[in-house]
Amino acid sequence: MRQTTSPNLLKHRLWLIVPAALMVGIFFLYPLGFSLYSAITLDDGGFTLSHLNKAFDLYSKDILFTIIIVLVSVAILAVLSITIAALITLSPFRSLTKTLGFLYRLPLFIPFIVTAQMMRTFLAKNGLMNNAFVASGLLTPMDTVSFLGWSGIIITFVWKQLAFSTLLISGAMAALDESQIRAARNLGASRLSILFQIILPQITSTLGVAMVLSIVTMMSVLSVPLMIGTGSPTMMTADMAFRINSYGDYHVANALGLVSYCICAGLAWFYLRQNLKEKGAN
């Protein structure tokens, strides 16, 4: 029988979502709309592309630097996340996998600003890493090298996002039908064959979602490029902060934000499309 929803019940349901809708509208949609509006308008409200032109003229190298840093970080992150998740899923050594599972989760609970400060003291020329090498006799003080700069930013991004992406990927691997893996083992398949031919093709969507969310997170972080970067070029978030703090130039800062929105728009479409697919399947 077809069920009908009474108007009163529908009204009550609508009232239930009003608080959440207000929160989204006030704290997300309004700032987003105002930022986009400010990026393409003058103070008198007239339309202009001068802010975008100025942003590209001044910070085109930084935009390219940001894209390269994020893509390299995501590539390394994908390899490490898949490797750790595969070890946890396929390794016969349960004690090892429990230890590994505990260790990879540690960065999950550390804020980015704490991570940046920690990596700054660890990767500097006189930091903890180089001091340990000098104390062990592997290096002399003159041989030490600072990893602050682009390499330090990549290391920090990968280390911080590794727990999040590995958690998603290992969860997707654990949710697979174990009979497929057992059957492949009975037929003599190696662990690498099982990983690349059975497991990865089935978790491609989860891997994509993990990488998309990691990219958006890296694009939005300010503390890491400010504390670990060593000058120019730098990431767009540092440029936005500089335009606002030094010049009070919200228009160019919002224009850089618009560039970030455009870069992330396709990724957001993939993420939302995947979520809708999963909900439709359920």
Side-chain angles (χ1 to χ4, degrees), residues 62-89 91 96-97 99-125 127-130 132-133 144-173 195-196 199-200 203-231 233-238 260 263-264 267-268 270-271:
D62 292 347
I63 294 172
L64 180 61
F65 177 79
T66 300
I67 295 173
I68 293 174
I69 288 291
V70 170
L71 290 180
V72 172
S73 300
V74 167
I76 298 172
L77 180 65
V79 172
L80 293 179
S81 299
I82 292 172
T83 302
I84 295 175
L87 287 173
I88 293 173
T89 304
S91 175
L96 176 63
T97 57
T99 303
L100 188 61
F102 170 75
L103 290 176
Y104 88 79
R105 285 182 173 90
L106 288 178
L108 194 63
F109 305 98
I110 302 177
F112 259 108
I113 189 169
V114 177
T115 302
Q117 177 59 31
M118 180 181 65
M119 286 296 180
R120 183 176 179 84
T121 59
F122 182 76
L123 300 173
K125 184 175 177 62
L128 179 62
M129 180 181 66
N130 285 325
F133 287 145
T144 57
V145 177
S146 173
F147 285 91
L148 298 180
W150 65 269
S151 57
I153 294 174
I154 292 174
I155 292 171
T156 305
F157 279 152
V158 172
W159 188 86
K160 181 65 178 72
Q161 288 300 115
L162 187 61
F164 172 77
S165 59
T166 304
L167 193 64
L168 288 181
I169 295 170
S170 60
M173 289 183 178
L195 175 63
F196 287 104
I199 295 178
L200 285 183
I203 65 164
T204 303
S205 59
T206 302
L207 177 62
V209 169
M211 295 303 106
V212 165
L213 295 178
S214 295
I215 289 174
V216 174
T217 300
M218 294 174 192
M219 292 285 294
S220 64
V221 174
L222 173 61
S223 56
V224 172
L226 281 183
M227 299 176 70
I228 298 180
T230 55
T234 187
M235 297 189 70
M236 284 190 289
T237 49
S260 296
I263 293 173
C264 296
L267 302 175
F270 170 81
Y271 172 71

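Just so we're clear, the structure is a prediction, and the values are computed from it rather than from any experiment.
No more than 12 heavy atoms of other residues, nucleotides or ligands sit less than 6.0 Å from atom CD1 of Ile113. More than 12 heavy-atom neighbours from other residues, nucleotides or ligands sit within 6.0 angstrom of CZ on Phe164. Residue-environment remark: CH2 (Trp150) stays at or below the threshold of 12 foreign heavy atoms within 6.0 Å.
For the atom pair CD1 of Ile215 and OG of Ser220, the computed distance is 12.0 Å after rounding to the nearest 0.5 Å. Taking SG from Cys264 and CE from Met218, the interatomic distance works out to 11.5 Å, rounded to the nearest 0.5 Å. Rounding to the nearest 0.5 Å places CD1 of Ile228 at 9.5 Å from OG of Ser151. The distance from atom CD1 of Ile153 to atom CZ of Phe65, rounded to the nearest 0.5 Å, is 4.5 Å. How far CE of Met211 is from CD1 of Ile169: 4.5 Å, rounded to the nearest 0.5 Å. Here the CD1-OG1 distance, from Ile69 to Thr66, works out to 8.0 Å after rounding to the nearest 0.5 Å.
For the pair Pro107 and Thr115, the minimum side-chain heavy-atom distance is 4.5 Å or more.
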Trace of the side chain to side chain contact (heavy atoms under 4.5 Å, CB included) decision for Met236 with Met219: CA-CA 8 Å; Met236 284 190 289; Met219 292 285 294; 3.7 Å; yes

The test is side chain to side chain contact (heavy atoms under 4.5 Å, CB included); show your working for Met119 and Phe157 and say whether it passes. CA-CA 10 Å; Met119 286 296 180; Phe157 279 152; over 6 Å; no

Intermediate values then yes/no, side chain to side chain contact (heavy atoms under 4.5 Å, CB included), Met118 and Leu128: CA-CA 10 Å; Met118 180 181 65; Leu128 179 62; over 6 Å; no

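At least one donor-acceptor pair closer than 3.5 Å links the side chain of Thr237 to the backbone N or O of Val221. Counting only distance, with no hydrogens or angles, the side chain of Asn130 and the backbone of Ser146 share no donor-acceptor pair below 3.5 Å. A distance-only check finds a donor-acceptor pair linking the side chain of Lys160 to the backbone of Ile110 [under 3.5 Å]. Between the side chain of Asp62 and the backbone N or O of Thr234 there is at least one donor-acceptor pair closer than 3.5 Å.
Residue Ile84 forms a side-chain contact (heavy atoms from CB on, under 4.5 Å) with just one option from Thr89, Leu167, Leu162, and that option is Leu162.
For Ala85 against Thr166, the heavy-atom pair with the smallest separation is N-CG2, 4.1 Å. Scanning all heavy atoms of the two residues, the minimum distance from Ser214 to Gln161 falls at OG-NE2, 3.3 Å.
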